[in-house]
Amino acid sequence: MSVCLTKGVANGGMAQFQEMMRQQLESSMHDELEKLLDTTTGAEREVSKKDFEGFKNLFHRFLQVKGPSVEWIKIQRPPEDSIQPYDKIAARGLPDNVANSLNKLVVVKLNGGLGTSMGCKGPKSLISVRNENTFLDLTVQQIEHLNKTYNTDVPLVLMNSFNTDEDTKKILQKYTHHRVKIHTFNQSRYPRVNKESLLPVSTNLSMNGQNAEGWYPPGHGDIYASFYNSGLLDQLIEQGKEYIFVSNIDNLGATVDLHILHHLVSQPNGKRCEFVMEVTDKTRADVKGGTLIQYEGKLRLLEIAQVPKTHVDEFKSVSKFKIFNTNNLWISLPAIKRLQEQNAMDMEIIVNPKTLDGGQNVIQLETAVGAAIKCFDNALGINVPRSRFLPVKTTSDLLLVMSNLYSLEAGSLTMSPKREFPTTPHVKLGSSFTKVQEYLIRFESIPDMLELDHLTVSGDVTFGKNVSLKGTVIIIANHGDRIDIPAGSMLENKIVSGNLRILDH
């Protein structure tokens, strides 16, 4: 018995010690944040003070976390009715007055990312993707088309980050005469934290020189707090807006869907669905995407980062977890306001390790917008067609959307009716194509890809005008070799290698 008592005391002592350490770390963090605030004055100080309140809350929760955020054994498949097939929603048809529904809607695009992964400077949304139109151009065209067609006033809201705000605001002047009201607000700016000391790496609030590396935008889960803090949320509610449709600006499939909107606004008041997540069927290419689960009686988003290592293969399995989150979300504005004011927005923390240019190891604490699904009432997943998920993350994706696989009308891309299969080809361009500028130089014109299933290109390869690719085409230029595909070539089920030998596949 005495052994048990001693063990209990020891465990209690350890818990006390850990709590003391946590309090000490938190106190040191608060002191450092105060010092940072003292390096500036006026409006910048006030904005940073608000940001830091959010960061303190996140840091506090980070220190409290013990072990994984989900217990694998508690994970259940969502009940049948919690993920509705899109066809069932669409089968209800549309009301006579679509304008009434549209006037309750706000379109929000996540616009915090830079184009660096595609070799571009500035905001990703300003990259040209089709007929000289940028992601932002296409978004504005889509909403303007809605407003003109239905005589409505659907505004566009851009959530910028400190990385994209200035450049985006400059470009917005060109849309002054379009029939779309455009608002912006900024994501928070949080301090990167030294991995060892768990203290901020920045010495002041400036974004200059080495100090610039000390800050980060904390993931799109920050939308709720920063939208609320900006005052824009209240402004839109006062204007009679009820729902936001949120999506990544680089997802060209994320257009306003009138059937989903009608489903939301036509619910009886007590049963109002406050959150819809569009999901779609997983393919082998999507195994890392977050999925919906039932957990402790609530619908919940499960991300790969939360999965214990021993269960990662199970998580990636297409047979057990059949759907993934497209990050197209429909969320009730009054519900966001309520949850923010009750401080009840609970999202799992994503700890993102980074190494700064000088070799220093830091962590940044982030959250994901979809993780809040468990906080909202009557949340629902809708299993939408794959066409609503068309992200452009790489030049391989860019090749698809620039090709004749898609036609462009009023800012929306639709799969060409001339394509016999509704699936998009699998395209994998090698490292010589990573940067947009290099990629554009390598194609004199975009090939005809209507009958393509699979394309792999590796090494120093260029394409002449009016090339046609069909079936499976693999082109590999060995190191030191160059392959120029001649103008007018038609490659069907071919492997092209090193010295331009063309083999049947």
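Position 1 is the first residue of the sequence, and the numbers go up from there. Side chains are part of it too, since the values below use all heavy atoms of this structure and drop only hydrogens, waters and symmetry mates.
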Open item on the list: A quick test of your reading: do over 12 heavy atoms of other residues, nucleotides or ligands sit less than 6.0 Å from NE2 of H145?
Closed with: no
- [ ] Please say whether more than 12 non-hydrogen atoms of neighbouring residues, nucleotides or ligands are located less than 6.0 Å from NZ in K195.
- [x]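 Atom NZ in K195 is not packed in, count stays at 12 or less.
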Distance-only donor-acceptor pairs under 3.5 Å for side chains of residues 289-296, two or more places apart:
from, atom 1, to, atom 2, distance (Å)
T291, OG1, I323, O, 2.8
Y295, OH, E71, N, 2.8
E296, OE2, K74, NZ, 2.9

Open item on the list: Tell me whether the rings of F433 and Y439 are parallel (<30°), tilted (30 to 60°) or perpendicular (>60°).
Closed with: perpendicular
Open item on the list: Using the ring centroid of each side chain, check whether F59 and Y190 are separated by less than 6.0 Å.
Closed with: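 No, too far apart.
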Open item on the list: Between Y228 and Y224 (judged by ring centroids, cut-off 6.0 Å), do the two rings come close enough to count as a pair?
Closed with: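 No; Y224 has its ring centre 6.0 Å or more from that of Y228.
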Scan side-chain atoms only and decide if [X] and [Y] contain a donor-acceptor pair under the 3.5 Å cut-off.
X    : Y    : value
Q267 : H263 : yes
T283 : D286 : yes
D257 : Y86  : yes
T134 : D137 : yes
N251 : N327 : no

Check whether any side-chain N or O of [X] sits under 3.5 Å from a backbone N or O of [Y] as a donor-acceptor pair, and report yes or no.
X    : Y    : result
E144 : R179 : yes
K241 : N103 : yes
T164 : N111 : yes
D222 : T367 : no
Y216 : L365 : yes
N57  : G54  : no
T395 : L398 : no

TODO: Can you tell me which residue pairs pass the salt bridge (Lys or Arg N to Asp or Glu O under 4.0 Å) test with a partner in residues 182-192, sequence neighbours excluded?
DONE: E44-R189
Open item on the list: Could you tell me if the side chain of V70 sits less than 4.5 Å from the side chain of R300, heavy atoms only?
Closed with: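 Answer yes - side chains close enough.
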- [ ] State whether R272 and D377 are salt-bridged, where the test is any N-O pair (Lys NZ or Arg NE/NH1/NH2 against Asp/Glu carboxylate O) under 4.0 Å.
- [x] no
- [ ] Hey, could you give me the CE/CG distance between M449 and L405, rounded to the nearest 0.5 Å?
- [x]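 Rounded to the nearest 0.5 Å, the CE-CG separation comes to 5.0 Å.
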Task: Pi-cation contact, Y406 with R130 (under 6.0 Å, within 45°) - done: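 Here R130 fails the 6.0 Å and 45° test against Y406.
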